[in-house]
Engineer: 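One structure follows; several queries about it will come next.
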Amino acid sequence: MTLSKHIINWYIKHKRDLPWRHTNNPYFIWLSEIILQQTRVEQGMPYYLKFTNKYKTVKQLALAKDDDVMKMWQGLGYYNRAANMLNTARIIMKEHKGVFPKTYENLLKLKGIGPYTAAAISSFAFNEAQAVVDGNVYRVLSRIFCIDEPINSSVGKKIFAQLAQEILDDKLPALHNQALMELGAMVCKPRSPICGECPVRLECMAFAKKTISNYPVKIKKNKPQDRFVNYFFIEQKNKTFIAQRTENAIWKGLYELPNFESEKTIESEKIINQKKFISLFGNMEELNVEKIFFEKHQLTHQTIYANFFKLTSPQKIKPLPDGFIQVRLIELKKYAVSRLFDKFLNYLNLHSNL
Ligand code: SF4
């Protein structure tokens, strides 16, 4: 029996019942793939259900308001996925009359769809013989074949893509791909693989050599960068100021309080004299600044030390730069915000009448 047959037989008996496994609609498959990138199934599932319930077709998604989609995405992280998803939906409407391209090659031409997603859609929806290579597949293959090439090197990526294609069952690509991914998720886990239940134990070189913990090999990434961000909550007549992030960086499209970065944490007494503070708020005499909330927020590549200051003044605070809007406090929850900002809103909820 081939490696693929072993894995498929195991999958048929042990697979989890997941909603996106009951469809071959390319739109739903695409949605599930975007949602599940860098996200656990349990966390992604409610989002998949919410999105497919509200936007039943790619046309409905393409017509959605950016802010509504960002709000619905809130809490899932990696917000550029939501922005790209919306972009791609609009391109599919504009350039493909709302019909998903059917082949791997044509899917790849769509901005926002890379090799992984193109392989997933073309194989799951159209049964094209394209091997899917995600983190699970890298791990399983690196262990079965004891591959020492780092999975995050360009050479490694080519080797794994080739190998995945070689072992693919051409007649059952959808089943094969799903089975291999499921094996990685449920049995060949990153830390404690359950080799006793593995259908390819006898074929697995790392199992035979007792070298499982050496795989997959990865080039070590730099340690996360520290960032210090000062946020300002200006409460005036039950309103405050927020702006939407437009830079091409994390949290693009989300709303946030006026803020600036500093090289280290700054205390309330000193923040007022910072140049960046003065350029935001001017030189105000009767300004009261109080640090009310601190959060150390961990992202994949950065650690954010976020200090939230409350500003109050009997004077009118000078108009903030363009882009800021004044919103009622009770309406803040309607805006799409980062998880960090959401933690601050929860704090406010507890400490005021929001
Ligand atoms: S035998 Fe163990 S290490 Fe090898 S593929 Fe199976 S679960 Fe992974």
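Residue indices begin at 1 and follow the sequence shown. Just so you know, ligand 1 is whichever comes first in the structure, and atom 1 is the first atom listed for that ligand.
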Engineer: Before accepting this row, confirm whether a basic side-chain N of the pair Arg21/Glu182 lies closer than 4.0 Å to the acidic partner's carboxylate O.
Structural biologist: yes

Engineer: Measure the distance from atom 8 (Fe) of ligand 1 to every protein heavy atom, then report the residue, atom name and distance (to 0.1 Å) of the closest one.
Structural biologist: Cys188 SG, 2.4 Å

Engineer: Considering the heavy atoms of Ile212, write down every atom of ligand 1 situated less than 4.0 Å from one of them.
Structural biologist: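 Checking each atom against Ile212, I get 3 (S).
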
Engineer: Ignoring hydrogens and angles, state whether a donor on the side chain of Lys276 or Asn259 is under 3.5 Å from an acceptor on the partner side chain.
Structural biologist: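 On atom types as modelled, these side chains do not qualify, holding no pair under 3.5 Å.
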
Engineer: Can you tell me how the ring of Phe228 sits relative to the ring of Tyr305, calling it parallel under 30°, perpendicular over 60° and tilted otherwise?
Structural biologist: parallel

Engineer: Give a yes or no on whether a salt bridge exists between Lys270 and Glu267, defined as a side-chain N under 4.0 angstrom from a carboxylate O.
Structural biologist: no

Engineer: Can you find a side-chain donor-acceptor pair between Asn87 and Arg90 that sits under 3.5 Å?
Structural biologist: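 Result is no, nothing qualifies.
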
Engineer: Among all protein heavy atoms, pick the one closest to atom 6 (Fe) of ligand 1 and tell me residue, atom and distance.
Structural biologist: Cys198 SG, 2.3 Å

Engineer: Considering non-hydrogen atoms of the protein only, which is the closest contact for atom 4 (Fe) of ligand 1, and what is the distance?
Structural biologist: Cys204 SG, 2.4 Å

Engineer: Among protein heavy atoms, which sits nearest to atom 2 (Fe) of ligand 1, and what does the distance come to when rounded to 0.1 Å?
Structural biologist: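 The closest heavy atom on the protein side is Cys195 SG, 2.4 Å.
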
Engineer: Provide the number and element of each atom of ligand 1 under 4.0 Å from a heavy atom of Arg143.
Structural biologist: 3 (S)

